[in-house]
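Below, read A as the first sequence line, B as the second, and so on, with proteins coming before strands; counting in each chain starts at 1. Keep in mind that what you see is a predicted model, and the values were worked out from it rather than measured.
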Amino acid sequence: MEYDFRTVEDKWRKFWAKNQTNKIGEDFDKPKFYVLDMFPYPSGAGLHVGHPLGYIASDIYARYKKLQGFNVLHPMGYDSFGLPAEQYAIQTGQHPALTTEQNIARYRDQLDKIGFCFDWSREVRTSSPEYYKWTQQIFIKLFNSWYNPKNNRAEHIDTLISIFENEGSKGVTLEILTGEIEKEVLPFSAAEWKSFDERKQREILMHFRLAYLGESFVNWCPAMGTVLANDEVVNGVSERGGHPIERKLMKQWSMRITAFAQRLLDGLNDIDWSESIKETQRNWIGRSEGCSIFFPFLKEFTPKDTSSMGENSSKIEVFTTRPDTVFGVSFVTLAPEHELVDKITTNEQRQEVETYVEKAKNRSERERQADVNTISGVFTGAYLEHPFTKEPIQVWVGDYVLVGYGTGAVMAVPAHDERDYKFAKHFGLPIKQVINPSNPEHSMEQEAWTEKEGEVINSDFLNGLQVKIAIKRAIEEIEKNYFGRGRVNYRLRDAVFGRQRYWGEPIPIYYKDEVPYALNYDDLPLNLPEVDKYLPTEDGEPPLARAINWKYQNEYNYEFSTMPGWAGSSWYFLRYLDPKNPNDLFSQEKVNYWKNVDLYIGGSEHATGHLLYARFWTKFLFDRGIIPFDEPFKKMINQGMILGRSSFVYLVIGENKFVTNSIKDHFKHAAIHVDISLIDNDKLNINEFRKWRPEYAEAEFICEEDGSYVCGYEVEKMSKSKYNVQTPDELVDKFGADTLRMYEMFLGPLEQTKPWDTKGITGVNGFLRKFWRLLHPTENIFSVSNELGHEKEMRVLHKTIKRIREDLDRYSFNTCISTFMIAINELTDLKCNKKAVLEPLVVLIAPFAPHFSEELWEKLGNQAGTVTNQSYPEYDETFLIESNFDYPISFNGKMRTKVNLSLQLTAKEVETYVLQLDEIQKWMENKSPKKVIVVPGKIVNIVL
RNA sequence: GCGGAUGUGGUGAAAUUGGUAGACACGCUAGACUUAGGAUCUAGUGCCGAGAGGUGUGCGGGUUCGAGUCCCUCCAUCCGCACCA
């Protein structure tokens with residue numbers, strides 16, 4: 001009998017569960033370390049081998065930190081609200097809670113098999129009322145907060161109310177609050193504020209709340225019957241399901257994440273995340289510096305209806321990053337949705353403009369994006385006055401201008417902007433050059449000069465300046481003349497927060513006379529009500545409108561939309577700190593101890609969703625004094641995807657005959673995916689294949705010379721339809737959890753995308769058995785010697801300890817596995833059977849192969865289950881000192897031979913000794929060396 | 001188009017500060033043993049060459065006694081973003 005992993009692993013799984021070995025408390029005397037995995041959504045498909053990759057890495061690291069004396073928090077839970085369960089509910093009528101429960105049970109079963117040290121007593125589920133009660137409370141806190149641009153932090157809405165009471169609206173800097181506030185809120189005095197009724201006051205406050213109900217253009221997905229946030233839309237279709245998206249003006253709950261744009265950007269500099277994720281977030285936030293410029297209308301074109309617009313109505317505000325080109329403006333273009341379009345269009349142009357706007361508005365996002373090269377637009381008939389030159393400027397409408405970015409209006413400088421150039425060429429509008437290109441070969445006839453380089457010309461006071469200087473100078477002049485002001489613009493939009501769906505957190509809002517009010521904390525949780533169907537009502541209301549007698553104080557309607565998937569996951573890492581706390585989100589004592597996550601491992605696909613929202617909520621909670629840090633995840637590693645290795649058989653077209661890989665090209669063939677369980681080492685199990693599908697039962701096979709049928713392969717994503725899915729369960733059954741853990745790490749660097757190759761797992765399995773044999777030299781009977789390790793053995797041990805520690809410290813898990821293999825190979829060669837050498841190795845491998853390690857630890861005479869409480873072995877430098885070294889001797893940098901020399905020798909001694917050797921003279925070809933480089937302990941290089 | 005990452009044997013990969021390229025493992029070849037197996041052990045395995053030797057880290061240059069590693073140019077693949085004013 002060999003190492004029986006089934007018995008051993010089963011024994012320790014039960015032991016850990018019974019003794020709650022992984023339960024962790026707050027030990028304030030110990031330093032803390034918080035290792036977290038990204039929150040899984042428990043899908044019906046269960047786990048494939050790609051999913052646990054990150055969990056294994058974090059588990060190894062968590063166990064390593066534990067052995068280093070840290071108090072390690074390593075929890076797991078479920079992001080259990082979400083669309084798939086709801087879609088399933090719609091199809092089958094089964095309550096999503098039930099499906100979710102079943103999926104979680106399957107996940108838990110799969111996770112338990114792999115031997116993770118999760119503290120399951122801390123498990124959270126976003127869909128349980130004990131959890132979403134607190135998500136709702138955070139929503140209310142956001143609702144009751146505003147962003148104070150003077151203090152640059154979120155504050156309770158009361159501080160805003162007191163400003164209004166004392167100073168009126170002029171005491172608030174409006175511009176940073178976004179949401180088109182400048183246009184929507186008319187100035188008022190303190191006295192006026194006090195005279196407003198509650199409805200009016202609440203309407204004004206709504207423009208400032210961090211969770212607010214506002215009218216905006218949203219991504220409406222008709223197929224799913226809900227709105228989606230920008231990060232849930234990819235290339236104009238929904239990220240999940242790929243359904244078309246329309247832009248629609250709707251009243252929606254949103255989160256004012258834009259108020260935090262600058263801090264979300266700045267914070268990236270202080271966190272240890274991959275450059276690519278940080279860059280993705282920077283792009284998403286999209287900061288651009290420039291200025292806004294007001295172009296006043298020529299008198300006869302000033303719109304008459306100005307009641308709701310304030311004083312800005314006589315001007316159009318544009319945003320530009322190139323104020324240096326202001327003298328090159330030849331027209332202004334408005335987005336089709338721009339609210340002024342209708343008001344300024346002249347009667348002659350009205351017909352044409354309305355047709356165009358109507359068409360542009362109805363185009364879906366996807367159409368609009370697919371069609372970026374078609375130039376379209378229409379003249380409104382209106383004219384503006386250039387602020388500096390006083391020349392008349394035409395106002396156009398064009399769908400290349402986006403309503404959601406900047407002011408929805410651009411000053412067109414065709415000579416120095418590609419889109420403006422194309423637009424001007426297409427419509428025959430003037431092109432006025434104001435920059436002399438720094439590249440003399442550039443032709444203004446061919447294309448615009450868009451580089452921020454060159455000398456300004458034809459531009460009055462800017463003439464002769466270089467672009468970068470001219471930009472600053474232009475802003476100064478614009479501000480001096482009150483034509484506009486320097487301004488920072490962000491691409492980031494406020495995040496739409498309501499979903500017209502059932503399976504999510506109810507938004508804790510009720511309506512009194514159509515005015516939204518937040519629930520009190522005492523009213524929470526606002527439970528998700530039962531409904532007869534998970535579909536919208538006949539009136540198009542969300543599913544929650546179906547709930548019977550679901551009213552606040554039996555009187556007021558609740559909000560019918562629910563929260564999006566990212567609500568619960570934006571703060572879950574905080575609830576783990578104190579998951580059962582019935583009185584608060586978490587206790588201050590615990591949050592002060594555990595603080596933020598030290599190591600976060602997960603995929604990079606959440607770069608602009610979860611990872612941005614969690615940072616946003618963290619900053620908010622920090623501002624409101626609820627947590628003592630403002631970044632959630634100090635260090636993050638993004639594990640690479642594990643791709644499947646699909647196998648193919650080649651069907652001869654028109655026959656029920658398959659041809660083997662090497663000669664397939666001699667036939668007209670079609671490649672067909674074949675289930676990887678029917679393949680061993682690329683060879684097809686023909687009998688099983690015949691049984692796999694009835695139509696192949698009688699198939700013929702043209703084989704290799706040796707009679708085997710060899711399949712082809714391709715590396716692609718794992719999916720059921722490609723028959724290349726490898727589940728961890730199967731591998732645990734065949735090889736054991738410890739082997740699976742080590743093999744997943746052995747595949748390659750954690751961050752890298754890599755193909756799954758089932759074959760290689762035998763190597764790791766063999767390694768563990770080889771290790772086992774060192775302690776079971778004959779007949780699988782445990783036996784170790786109590787002799788002291790001799791020099792060579794001790795060197796192997798200490799070299800290994802050193803390398804493992806160094807590799808773990810730089811998260812290089814794959815090289816750890818090779819290091820272990822090398823150590824066991826060397827000790828096997830040395831026939832080492834000594835406890836003094838092997839026992840430290842058993843502790844060293846505990847984070848990687850915990851079941852294996854526990855078993856050997858116990859056999860070595862230690863108390864069962866205590867290997868997790870040991871100290872991680874330290875290396876002793878004295879064992880690593882070598883007396884001799886095989887110096888590689890190279891000639892002109894090419895290694896030719898080696899000479900074993902004492903490391904005591906100085907460089908000069910090495911040189912003298914080496915040069916007189918016959919072996920070396922042979923290579924010298926009777927020349928005398930020009931130069932001899934000796935790097936002690938490294939190399940000798942002789943230059944001829 | 002912009003930004004990020006990656007290019008090393010038949011395969012997954014290693015080489016941490018410039019110093020023996022290919023450790024470790026899979027696969028393959030040959031052999032030993034045998035309850036014929038997806039077990040274990042031994043030897044070999046970058047490429048060319050019988051050998052001496054030559055050659056080799058995507059291509060081409062450069063710096064250096066010495067480059068997978070540093071610098072420049074180009075190419076390929078993957079991932080973001082993309083009418084962002």
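Look at the C1' atom in both B:rA85 and B:rA5: the space between them is 29 Å, to the nearest Å. Rounded to whole Å, the C1' atom of B:rA32 lies 27 Å from the corresponding atom of B:rG10. Across B:rC84 and B:rA76, the matching P atoms stand 25 Å from one another, rounded to whole Å. For the P atom pair drawn from B:rG61 and B:rU55, the interatomic distance equals 15 Å after rounding to whole Å. Taking the P atom of each, B:rC78 and B:rU29 are spaced 33 Å apart, rounded to whole Å. Distance noted for atom C1' between B:rC75 and B:rC59: 7 Å (whole Å). Atom C1' of B:rU16 sits at a distance of 11 Å from the matching atom of B:rU69, rounded to the whole Å. Using C1' as the reference atom, B:rU64 and B:rG19 are 12 Å apart when rounded to the nearest Å.
Looking at residues two or more places apart in sequence or on another chain, you find no ring pair (Phe, Tyr, Trp, His ring centres under 6.0 Å) involving A:Tyr356. With sequence neighbours left out, A:Arg6 forms a side-chain contact (heavy atoms from CB on, under 4.5 Å) with A:Asp4. For A:Asp417, the side-chain contact (heavy atoms from CB on, under 4.5 Å) partners are A:Arg419, A:Asp420, not counting sequence neighbours. Among residues two or more places apart in sequence or in another chain, the side-chain contact (heavy atoms from CB on, under 4.5 Å) test is passed with A:Phe885 by A:Tyr887, A:Pro888, A:Leu903.
Under a 4.0 Å N-O distance rule, the pair A:Glu806/A:Arg810 does not qualify as a salt bridge. A salt bridge does not link A:Lys683 with A:Glu704: every distance from a Lys NZ or Arg NE/NH1/NH2 to an Asp or Glu carboxylate oxygen is 4.0 Å or more. Salt-bridge annotation for A:Lys315 and A:Glu317: absent, with no side-chain N of the basic residue lying under 4.0 Å from a carboxylate O of the acidic one. Contact check on A:Arg282 versus A:Glu275 returns a salt bridge, with a Lys/Arg side-chain nitrogen under 4.0 Å from an Asp/Glu carboxylate oxygen.
Proximity of A:Lys898 to the phosphate of B:rU20: no side-chain N or O atom is located under 4.0 Å from OP1 or OP2. Residue A:Arg282 places no side-chain N or O under 4.0 Å from the OP1 or OP2 atom of B:rC2. Look at A:Lys759 and you won't find any side-chain N or O under 4.0 angstrom from OP1 or OP2 of B:rC26. The side chain of A:Arg769 places no N or O atom within less than 4.0 Å of a non-bridging phosphate oxygen (OP1 or OP2) of B:rA39.
Counting only Watson-Crick or G-U wobble pairs whose defining distances are both under 3.5 Å, the stems of 3 or more consecutive pairs in RNA chain B are B:1-7 with B:75-81, B:10-12 with B:24-26, B:27-32 with B:40-45, B:46-48 with B:53-55, B:60-62 with B:70-72.
Contact annotation for A:Glu806: base contact, defined as any heavy-atom pair under 4.0 Å involving a base atom. Contacts of A:Lys734 with the nucleic acid, taken as non-hydrogen atoms under 4.0 Å apart, include base atoms. Within the 4.0 angstrom heavy-atom criterion, no nucleotide atom of any strand lies near A:Arg645. At the heavy-atom level, A:Phe735 lies under 4.0 Å from base atoms of the strands shown. Counting non-hydrogen atoms under 4.0 angstrom, A:Asp682 reaches nothing in the nucleic acid. Using a 4.0 Å heavy-atom criterion, one finds that A:Ile933 contacts the bases of the nucleic acid, with or without backbone contacts as well.
The side chain of A:Pro755 sits closest to B:rG12 out of B:rG12, B:rA21, B:rG19. Comparing B:rA14, B:rU20, B:rC24 against the side chain of A:Phe746 picks out B:rC24 as the nearest. The side chain of A:Ser818 lies closest to B:rA23, out of B:rG19, B:rA23, B:rC41. In the set B:rA15, B:rG27, B:rG66, B:rA15 carries the atom at the smallest distance from any side-chain atom of A:Arg810. Side-chain proximity of A:Pro888 to B:rC26, B:rU20, B:rA25: nearest is B:rU20. In this structure, of B:rA15, B:rG54, B:rC41, it is B:rG54 that holds the atom nearest to the side chain of A:Arg896. Comparing atom distances between the A:Val943 side chain and each of B:rG3, B:rC65, B:rA14 picks out B:rC65 as nearest. Distances from the side chain of A:Ile822 to the nucleotides B:rC41, B:rC26, B:rA23 place B:rA23 closest.
Residue-environment remark: CD (A:Glu605) exceeds the threshold of 12 foreign heavy atoms within 6.0 Å.
For the pair A:Glu605 CD and B:rG4 P, the computed distance is 22 Å after rounding to whole Å. The nearest whole Å value for the distance from the CE atom in A:Met745 to the P atom in B:rA14 is 13 Å. One can place CG of A:Leu768 at 16 Å from C1' of B:rU40, the figure rounded to the nearest angstrom. Distance, A:Asn780 CG to B:rU40 P: 14 Å, rounded to whole Å. B:rA14 atom C1' lies 17 Å from atom CZ of A:Phe820, rounded to whole Å. Going from atom CD of A:Glu911 over to atom C1' of B:rC65 covers 12 Å, rounded to whole Å. The distance from atom OH of A:Tyr887 to atom P of B:rG19 is 16 Å, rounded to the nearest whole Å. The CD atom of A:Glu751 sits 10 Å away from the P atom of B:rU6 (whole-angstrom rounding).
With no hydrogens or angles considered, no side-chain donor-acceptor pair links A:Asn638 and A:Trp273 at under 3.5 Å. A:Ser646 and A:Glu716 are linked by a side-chain donor-acceptor pair at a separation below 3.5 angstrom, with hydrogens and angles left out of the test.
When atom types are taken as modelled, the side chain of A:Lys754 and the backbone of A:Gln752 share a donor-acceptor pair closer than 3.5 angstrom. Panel note: side chain A:Arg487, backbone A:Phe319; no donor-acceptor pair is recorded below 3.5 Å.
Base orientation of B:rG53: anti, the glycosidic angle falling outside 90° of 0.
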- Query: Reading nucleotides 77-85 of chain B 5' to 3', which nucleotides get B (base under 4.0 Å from a protein heavy atom), which S (sugar-phosphate only), which -?
  - Reply: ---SSSBBB

